[in-house]
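These notes are about the structure you will find just below.
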Amino acid sequence: MTKNKRGLRREQVGIVISDKMDKTIVVRIARLSKHPVYNKVITKTSKFKVHDQDNKARTGDKVKIMETRPLSKQKRWRLVEVVSTEEARGK
C-alpha cells in the first residue's frame, strides 16, 4: 500500500484477461483460501475493470493496479504499471 496526500489506497497485482475496450482492461486477481469444512486450499478469483489511459496493457500481461475514485459505473481501479509482458515470459 502507498501513502500519499489522499490517504491509503490498495494496490494489487493481477493478470490482464481482456483488453478489447478502449482505455479499459479486465484484470483477474487470484487469492488462496482454506475451505472451512475440508481444510483444502482453494484458489478464488476476482475480476476488476481497470482504467488504462494509454492502452499499453495487453492480454496476458502482469500488471499492478491501484484503487481510485469511481471513474464509471464499474471502474474503481487504475493501472499503475505493467510488471511483465507476455513476450517477456516466453509465450
Side-chain angles (χ1 to χ4, degrees):
M1 290 195 208
T2 61
K3 177 78 172 139
N4 57 17
K5 59 185 171 185
R6 294 181 181 168
L8 288 175
R9 293 182 177 221
R10 293 187 294 167
E11 283 189 348
Q12 298 196 17
V13 176
I15 304 292
V16 178
I17 57 173
S18 174
D19 64 346
K20 296 178 192 240
M21 296 172 272
D22 186 33
K23 297 187 179 181
T24 303
I25 56 176
V26 180
V27 176
R28 180 179 57 216
I29 300 201
R31 64 188 185 281
L32 296 177
S33 173
K34 189 176 260 191
H35 192 279
V37 174
Y38 302 115
N39 291 327
K40 181 178 179 177
V41 176
I42 54 177
T43 303
K44 294 186 176 184
T45 60
S46 300
K47 293 195 302 186
F48 297 106
K49 296 218 173 42
V50 178
H51 184 66
D52 181 7
Q53 181 64 36
D54 301 326
N55 287 324
K56 50 186 177 178
R58 297 284 169 245
T59 302
D61 291 352
K62 189 175 191 179
V63 295
K64 182 189 277 188
I65 61 174
M66 178 185 283
E67 193 175 32
T68 187
R69 65 181 175 84
L71 299 171
S72 71
K73 180 180 176 182
Q74 296 179 332
K75 283 201 283 189
R76 304 291 191 268
W77 297 80
R78 65 181 166 89
L79 180 68
V80 176
E81 67 174 323
V82 177
V83 177
S84 65
T85 60
E86 189 175 24
E87 295 85 30
R89 291 193 307 263
K91 292 196 176 189

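Each residue takes its place number in the sequence, starting with 1. In this text the structure is predicted, and so the values were computed from the model without any measurement.
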The single option from Val82, Ile15, Val16 that satisfies side chain to side chain contact (heavy atoms under 4.5 Å, CB included) with Lys62 is Ile15
Closest non-hydrogen atom pair between Asp52 and Lys56, with its separation: OD2-N, 3.1 Å
What is the distance from atom CZ of Arg78 to atom CE of Met66, rounded to the nearest 0.5 Å? 5.0 Å
Rounded distance [0.5 Å steps], NZ in Lys64 versus CH2 in Trp77: 12.5 Å
Could you pull out all residues at least two apart from Ser18 that satisfy side chain to side chain donor-acceptor pair (under 3.5 Å)? none
Would you give me the side-chain donor-acceptor pairs under 3.5 Å for residues 21-29, sequence neighbours excluded?
residue, atom, partner, partner atom, Å
Asp22, OD1, Asn55, ND2, 3.1
Thr24, OG1, Lys75, NZ, 3.0

Ignoring hydrogens and angles, write down the donor-acceptor pairs under 3.5 Å from the side chains of residues 38-50, residues two or more places apart or on other chains.
residue, atom, partner, partner atom, Å
Ser46, OG, Arg31, NH1, 3.1
Lys49, NZ, Gln74, OE1, 3.1

Enumerate the ring pair (Phe, Tyr, Trp, His ring centres under 6.0 Å) contacts for residues 50-74, please, sequence neighbours excluded, ordered by first and then second residue. none
Taking only residues two or more places apart in sequence or in another chain, which ones pass side chain to side chain donor-acceptor pair (under 3.5 Å) with Glu67? Arg10
Would you compute the distance between atom CD of Gln53 and atom CG of Leu79 and round it to the nearest 0.5 angstrom? 10.5 Å
Can you list everything that forms a salt bridge (Lys or Arg N to Asp or Glu O under 4.0 Å) with Arg76? Sequence neighbours excluded, please. none
